[in-house]
Amino acid sequence: MDLKALIREIPDFPRPGVSFKDITTLMKDRAALAYVVRSLADHFRGAGIQTVVGVESRGYVLGAPLAYELGTGFVLIRKPGKLPAATIRVEYDLEYGKDALEIHRDALQRGERVLLVDDLLATGGTMSAAARLVRELEAETVGFGFLIELTFLGGRERLKSMGFSDSQIVTLVRYDA
Ligand SMILES: O=P(O)(O)OC[C@H]1O[C@H](OP(=O)(O)OP(=O)(O)O)[C@H](O)[C@@H]1O
Ligand SMILES: Nc1ncnc2[nH]cnc12
């Protein structure tokens with residue numbers, strides 16, 4: 001299926017020079033949505049995934065149906081101050097300044113086998129922070145699933161610098177410029 005044809009590109013959003021990959025046009029297409037969820041699930045079936053963990057907010061759009069398809073539960077990583085119970089937090093660098101992500105302290109058990117999911121891999125700052133949260137809870141990130149990879153921004157290398165391998169990082173649509 002030509003997924004790229006269903007992703008709308010918005011030039012200069014949210015800032016001049018950025019070509020924003022708008023997934024809303026793909027998500028609305030029921031055949032494409034089913035194809036994306038099934039394709040990611042097929043990569044990780046048999047990998048012993050116990051829980052899918054999604055990153056706010058577009059990671060939830062893919063993560064929750066993927067968990068359903070894999071027959072697992074779903075855990076939310078959120079931006080600061082949103083989760084109601086006891087949390088742990090990691091900070092990460094943005095182009096300008098810092099941001100942070102949180103997860104409930106009791107969301108994952110030691111050794112739990114986790115699939116981390118987001119819509120898009122760019123610099124990898126967000127997902128490496130999410131992987132640090134999983135690591136801090138002593139759970140195991142078995143793999144990463146993304147719809148889109150912006151290869152020129154180095155996110156894959158960033159995840160590999162944390163000890164993950166190419167085969168653990170699955171992306172369905174790549175943009176090389
Ligand atoms: O690899 P990175 O350079 O970290 O960029 C990727 C992240 O950026 C986007 O999220 P955004 O912060 O725009 O939040 P949203 O999902 O709530 O729109 C996207 O959904 C990823 O989470
Ligand atoms: N170019 C882009 N389009 C959509 N989401 C993004 N997140 C980071 N870069 C992005």
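As a basis for the values below, the full set of heavy atoms in this structure was taken, side chains included, without hydrogen atoms, waters or symmetry mates. When a ligand or atom number is given, it counts from 1 through the structure's own listing order.
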task: Determine whether Gln50 and Gln109 make a side-chain contact, defined as any pair of heavy atoms from C-beta on separated by less than 4.5 Å.
output: no
field: Residue portion contacting ligand 1 (non-hydrogen atoms closer than 4.0 Å) for Glu56
entry: backbone
- request: With heavy atoms under 4.0 Å as the rule, classify the contact between Arg15 and ligand 2 as side chain, backbone, both or neither.
  value: neither
query: Hey, is the main chain of Ala47 close enough, under 3.5 Å, to the side chain of Arg113 for a donor-acceptor pair?
result: yes
- line: Of all protein heavy atoms, the one nearest atom 17 (O) of ligand 1 is Ser57 OG, 2.8 Å
task: Group every Ile, Leu, Val, Met, Phe, Trp and Tyr by side-chain heavy-atom contacts under 4.5 Å, then state whether Tyr92 and Leu83 land in the same group.
output: no
Per-atom contacts of ligand 2 with Arg58, taking only distances under 4.0 Å to non-hydrogen atoms: 4 (C), 5 (N)
Side-chain (Ser19) to main-chain (Pro11) donor-acceptor, under 3.5 angstrom: no
query: Among the clusters formed by ILVMFWY side chains lying less than 4.5 Å apart, do Leu172 and Leu115 turn up in the same one?
result: yes
message: Is any side-chain heavy atom of Leu108 closer than 4.5 Å to one of Val53?
response: yes
query: Considering only the protein, which heavy-atom contact is closest to atom 1 (N) of ligand 2, and what is its distance?
result: Ser19 O, 3.1 Å
message: Could you check whether any heavy atom of Gly155 sits closer than 4.0 Å to an atom of ligand 1, since that is the contact criterion I want to use?
response: no
- prompt: Is there a donor-acceptor pair closer than 3.5 Å between any side-chain N or O of Gln168 and the backbone N or O of Phe144?
  reply: no
message: Which of the numbered atoms in ligand 2 are under 4.0 angstrom from any heavy atom belonging to Lys21?
response: 2 (C), 3 (N), 4 (C)
task: Tell me, please: is Leu150 in heavy-atom contact with ligand 2, that is, under 4.0 Å?
output: yes
statement: Honestly, for Leu153 the part within reach of ligand 2 (heavy atoms, under 4.0 Å) is neither
Identity and separation of the nearest protein heavy atom to atom 8 (O) of ligand 1: Thr126 OG1, 4.5 Å
query: Are the side chain of Thr87 and the backbone N or O of Glu102 linked by a donor-acceptor pair below 3.5 Å?
result: no
message: Students should be able to answer this: which protein heavy-atom is nearest to atom 6 (C) of ligand 1, and at what distance?
response: Leu120 O, 3.5 Å
- request: Could you list the atoms of ligand 1 found under 4.0 angstrom from a heavy atom of Lys79?
  value: 11 (P), 12 (O), 14 (O), 15 (P), 17 (O)
task: Answer with side chain, backbone, both or neither: which part of Asp119 has a heavy atom less than 4.0 angstrom from an atom of ligand 1?
output: side chain
field: Closest protein heavy atom to atom 1 (O) of ligand 1, given as residue, atom name and distance to 0.1 Å
entry: Gly124 N, 2.8 Å
- prompt: What do you reckon, is NE2 of His43 surrounded by more than 12 foreign heavy atoms closer than 6.0 Å?
  reply: no
- prompt: Looking at atom 5 (O) of ligand 1, what's its closest protein heavy atom, distance included?
  reply: Ala122 CB, 3.6 Å
statement: When every non-hydrogen atom of Ala32 is compared with those of Leu6, the smallest separation belongs to CB-CD1, 3.5 Å
- request: Considering only non-hydrogen protein atoms, determine which one is nearest to atom 22 (O) of ligand 1 and report residue, atom name and distance to 0.1 Å.
  value: Asp118 OD2, 2.5 Å
message: Quick test of your reading of the structure: of Arg58, Met127, Arg78, whose heavy atom lies closest to atom 11 (P) of ligand 1?
response: Arg58
field: Atoms in ligand 2 flagged as close to Leu120, the criterion being non-hydrogen separation under 4.0 Å
entry: 3 (N), 4 (C), 5 (N), 6 (C), 7 (N), 8 (C), 9 (N), 10 (C)
- line: Nearest heavy-atom contact between Phe44 and Gly143 is CE2-CA, 3.8 Å
field: Thr123, portion touching ligand 1 at heavy-atom distance under 4.0 Å
entry: both
Lys/Arg N to Asp/Glu carboxylate O, Lys21 vs Glu9, below 4.0 Å: yes
statement: Quick note on ligand 1: atoms under 4.0 Å from a heavy atom of Gly125 include exactly 1 (O), 4 (O)
